[in-house]
Amino acid sequence: MKIWLDGGLQDIEAARVSVLDHGLTVGDGVFETVKAVDGRPFALTRHLDRLARSARGLGLPEPDLDEVRRACAAVVDANPMALGRLRITYTGGVSPLGSDRGDHGATLVVALGETSRRPDSTAVITVPWTRNERGALAGLKTTSYAENVVALARAHEQGASEALFANTVGQLCEGTGSNVFVVLDGEIHTPPVASGCLAGITRALTAHWTGARETDLPLDVLERADEVFLTSTLRDVQAVHRVDSRELPGAPGPVTAKAMRVFEERAGNDLDP
Ligand code: PLP
């Protein structure tokens, strides 16, 4: 397996990042997960825009997006796989312990792992912890993901594949690695970015292609929604058949099934929508 580090391809076993990298010591970094279908990254321009936006939000040096593009191309070429997940990690670089971010530049790593198509439907739980829609990191895709790791572990303990958060004012926000949509009276709604959720790329494409509306929704909308679905780079559009103890029999329901079809068709016809 070859990954990209320090401006070129390296064997993953030989590649080394400093133990003083600020990404490791304080989680000062940003990342993207990009789907690569038959060696072709999907929606790469949108992912690079978000990487740069997240980096700016953390005050990291502006990433060289041409290098990131070259790195992605080189990594998928070097590791042929039918369905891969490219992981772009960009951190604050090496800096002495206990100090601010150093002036040693940044660290860019691009790696690839194999992935597989997700089932058409899944179970989710809600968790008692909140997303801080007014926090400094709101909407940034940073490597400080430990809270998501804890919530996802709880979901797995309960036989679910995702955990959903409310924000500090009790509104439905997002999952640990996905955005959430609900169907109410035949209309599709998703929380606005102001709720504190990530501006998901699959969310934006799905909303655009299905006409979904951005709506502030209380968390308990999940107790009465006709249908619920998730979106993310690795799930695409995925129906939800259980929320906590509430079963949603027949998932994917008709509106979700249509959204899944529309997404598959449109995304299949345009690699960089
Ligand atoms: N929300 C969070 C917290 C995420 O980490 C992700 C995954 O990247 C998403 C939502 C979904 O975003 P996307 O559709 O761009 O993968």
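Hydrogens, waters and symmetry mates are skipped; everything else that's a heavy atom, side chains included, is used. Counting convention: from 1, in listed order, for ligands and their atoms alike.
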Hey, mind stepping through I12 and K2 against side-chain contact (heavy atoms from CB on, under 4.5 Å) and telling me if it holds? CA-CA 5 Å; I12 193 161; K2 299 271 191 199; over 6 Å; no

Report task. Report yes or no: do Q238 and T122 form a side-chain donor-acceptor pair below 3.5 Å? Result ->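 No, no side-chain donor-acceptor contact under 3.5 Å.
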
What does the contact table look like for ligand 1 (nitrogen or oxygen on each side, cut-off under 3.5 Å)?
unit_1	atom_1	unit_2	atom_2	d
ligand 1	1 (N)	E174	OE1	2.7
ligand 1	5 (O)	K141	NZ	3.1
ligand 1	5 (O)	Y145	OH	2.4
ligand 1	8 (O)	K141	NZ	2.7
ligand 1	14 (O)	I201	N	3.3
ligand 1	14 (O)	T202	N	3.0
ligand 1	14 (O)	T202	OG1	2.6
ligand 1	15 (O)	R50	NH1	2.8
ligand 1	15 (O)	R50	NH2	3.0
ligand 1	15 (O)	I201	N	2.8
ligand 1	16 (O)	T233	N	2.9
ligand 1	16 (O)	T233	OG1	2.6

_Going by side-chain hydrogen bond (donor to acceptor under 3.5 Å, both in side chains), name the pairs with one or both residues in residues 189-200, residues two or more places apart or in two chains._
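Applying side-chain hydrogen bond (donor to acceptor under 3.5 Å, both in side chains) to every pair that reaches into residues 189-200, excluding sequence neighbours, yields H189-T215.
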
Check: Between R118 and L234, which heavy-atom pair has the shortest distance, and what is it?
Finding: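 Shortest heavy-atom contact: CG-O, 3.2 Å.
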
task: Look at D236 together with K35 and state whether they make a salt bridge at an N to O cut-off of under 4.0 Å.
output: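 A salt bridge links D236 with K35.
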
Exercise. Measure up the F42 and F263 rings against each other and bin them: parallel (under 30°), tilted (30 to 60°), perpendicular (over 60°).
Key: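 Judged by the thresholds at 30° and 60°, the geometry between F42 and F263 is perpendicular.
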
